[in-house]
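In this chain, numbering begins with 1 at the start of the sequence shown.
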Amino acid sequence: DGSFSVNNLLEGRVDVLARVLTNSLFVSNGVRKSTSVTLLLSEQLLSITIDGSKIKGCNPDEKSWGLKLQAAVKNEMNEGTEQVVVHGNCNGICVKRDQTLAKLLSSYENRGDELFVCVEDAAKQFWTVLPLSSSSSSSSSSTSKTTTTLILGDNSGFNDEEMKTLGHLQKVNFGPTSLLASSVVTLAHHYLDEVEMN
């Protein structure tokens, strides 16, 4: 409900959300305009989507994003509607209520995304299912035919119900070592950059 302290982002593991956001959206001296990130707060039935092509005036530090997430969620709670809410001083943040993993997955499938779910025990590594020579699988730029969407769990992973929802998707991992979600994002972007260049 946005009641966490921005001076203690460990509360509710908001630090994890903020770190994933900064690693997903920011490069040196810029923003990945072709990237969007959706955070699903399952217990609150809220989704927060940040569109890299629309955000302005945003700094790549965790505390700033903690503040923006807090304001966006509180704004949405006060609004009391099911409609998208765009948070004021940082356009590109949209909050929706009554959101579930199944609903989000359906929206991605309906727009034709190429979907991958990251699980540690997956038989294939991400870079083996998106070969560099593939021209149809590139990062989500405006000229791409396919948007690549990677679904990550939190520090507890996916529960049984979530795995049933995700069961039909391609499962991938990022090596034998259990990594932070933010590190997985960095590795995924690095490889997708290589795919796009080729």
Side-chain angles (χ1 to χ4, degrees), residues 1-2 12-14 16-17 20-21 23-25 32-55 68-69 72-73 75-77 79-87 91-126 129-130 134 136-174 181-182 184-185 188-189 191-192 195-196:
D1 61 359
R13 297 318 311 264
V14 179
V16 174
L17 302 179
V20 166
L21 281 174
N23 284 31
S24 298
L25 294 169
R32 289 184 180 273
K33 300 293 187 183
S34 62
T35 296
S36 65
V37 183
T38 297
L39 306 173
L40 177 63
L41 309 182
S42 299
E43 292 185 7
Q44 293 79 17
L45 294 177
L46 288 178
S47 69
I48 306 172
T49 299
I50 299 91
D51 187 340
S53 68
K54 296 179 180 178
I55 61 173
K68 293 182 189 306
L69 291 175
V73 170
N75 203 16
E76 209 294 320
M77 293 294 188
E79 194 74 21
T81 70
E82 296 181 3
Q83 303 302 312
V84 174
V85 175
V86 180
H87 173 53
N91 290 336
I93 300 179
C94 299
V95 182
K96 288 185 180 181
R97 60 169 53 220
D98 295 325
Q99 291 294 294
T100 63
L101 179 60
K103 282 186 178 181
L104 280 177
L105 189 59
S106 177
S107 69
Y108 297 148
E109 291 174 327
N110 287 340
R111 73 184 187 189
D113 288 16
E114 186 169 19
L115 296 165
F116 301 94
V117 57
C118 183
V119 291
E120 291 184 9
D121 61 354
K124 296 180 180 180
Q125 294 185 336
F126 185 59
V129 296
L130 276 179
S134 173
S136 63
S137 299
S138 62
S139 64
S140 52
S141 67
S142 59
T143 58
S144 298
K145 294 181 180 178
T146 303
T147 295
T148 300
T149 297
L150 182 63
I151 301 171
L152 305 176
D154 59 15
N155 56 305
S156 300
F158 299 107
N159 60 36
D160 291 343
E161 183 179 348
E162 290 167 338
M163 283 308 301
K164 286 181 181 178
T165 302
L166 299 167
H168 62 290
L169 301 182
Q170 295 187 72
K171 297 175 181 60
V172 296
N173 66 41
F174 284 79
S182 54
V184 169
V185 167
H189 266 312
Y191 190 74
L192 288 170
V195 170
E196 186 173 25

J.: Can you see which heavy atom on V37 is nearest to which on S24, and at what distance?
T.: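 Where V37 meets S24 most closely, the heavy atoms are CG2-CB, 3.3 Å.
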J.: Show the nearest heavy-atom pair for residues A188 and L150, with the distance to one decimal.
T.: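 Closest approach of A188 to L150, heavy atoms only: CB-CD2, 3.9 Å.
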J.: Would you say L169 and L105 make side-chain contact, with heavy atoms under 4.5 Å?
T.: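 Yes, side chains in contact.
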J.: In chain order, what residues pass the salt bridge (Lys or Arg N to Asp or Glu O under 4.0 Å) check against D154, with sequence neighbours excluded?
T.: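 None.
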J.: Spell out, as yes or no, whether a donor-acceptor pair under 3.5 Å connects the side chain of D113 to the backbone of E109.
T.: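 No; zero donor-acceptor contacts below 3.5 Å.
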J.: Does any part of the side chain of L152, heavy atoms only, come nearer than 4.5 Å to the side chain of V185, both counted from C-beta?
T.: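 Heavy-atom side-chain distance check passes, below 4.5 Å.
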J.: Under the side-chain contact (heavy atoms from CB on, under 4.5 Å) rule, what do D98 and K103 come out as? Steps first, then yes or no, please.
T.: CA-CA 9 Å; D98 295 325; K103 282 186 178 181; 4.1 Å; yes
J.: Rounded at 0.5 Å granularity, tell me how far OG in S42 sits from CG in L101.
T.: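 Interatomic distance, S42 OG to L101 CG, rounded to 0.5 Å: 7.0 Å.
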J.: Could you tell me if the side chain of E114 sits less than 4.5 Å from the side chain of T147, heavy atoms only?
T.: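 No, their side chains stay 4.5 Å or more apart.
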J.: Has K68 got a side-chain atom pairing as donor or acceptor with I93's backbone, closer than 3.5 angstrom?
T.: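 Side chain of K68 to backbone of I93: no pair is present.
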J.: Atom CD1 in I55, atom OG1 in T35: separation rounded to 0.5 Å?
T.: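 The CD1 atom of I55 sits 9.5 Å away from the OG1 atom of T35.
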J.: Between K171 and L166, which heavy-atom pair has the shortest distance, and what is it?
T.: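 Minimum heavy-atom contact is NZ-O, 3.9 Å.
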J.: Heavy-atom distance under 4.5 Å between the side chains of V20 and V184, does that happen here?
T.: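 They are not in side-chain contact.
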J.: What's the spacing between E162 CD and S156 OG if we round to 0.5 Å?
T.: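 Rounded to the nearest 0.5 Å, the CD-OG separation comes out at 9.5 Å.
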J.: Considering only distance and modelled atom types, tabulate donor-acceptor pairs under 3.5 Å from the side chains of residues 117-124, sequence neighbours left out.
T.:
residue, atom, partner, partner atom, Å
E120, OE2, S178, OG, 2.6

J.: Can you sort out the partners of Q125 under side chain to side chain donor-acceptor pair (under 3.5 Å), two or more places apart, ordered by chain and number?
T.: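 Counting only residues at least two positions away or on another chain, Q125 forms a side chain to side chain donor-acceptor pair (under 3.5 Å) with W127.
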J.: Rounded to the nearest 0.5 Å, what's the gap from OG1 on T100 to CD on E161? Could you check?
T.: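 Here the interatomic distance stands at 9.0 Å.
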J.: Could I get the full list of side chain to side chain donor-acceptor pair (under 3.5 Å) partners for T165, not counting sequence neighbours?
T.: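 Partners of T165 by the side chain to side chain donor-acceptor pair (under 3.5 Å) criterion come out as none, since no residue qualifies.
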J.: If the condition is ring-ring contact (aromatic ring centres under 6.0 Å, His included), which residues does F126 pass it with, not counting sequence neighbours?
T.: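 Scan of F126 (ring-ring contact (aromatic ring centres under 6.0 Å, His included), adjacent residues dropped) gives F116, F174.
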J.: Apply side-chain contact (heavy atoms from CB on, under 4.5 Å) to D51 and list each qualifying residue two or more places apart in sequence or on a separate chain.
T.: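 S53, K54.
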J.: Which distance, rounded to the nearest 0.5 Å, do you find between the CG of L25 and the NE2 of H189?
T.: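 Answer for the CG-NE2 pair, L25 versus H189, is 7.0 Å.
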J.: Using the side-chain contact (heavy atoms from CB on, under 4.5 Å) rule, pick out the option among T49, L40, L45, T38 that qualifies with Q99.
T.: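 Answer to the side-chain contact (heavy atoms from CB on, under 4.5 Å) test with Q99 among T49, L40, L45, T38: L40.
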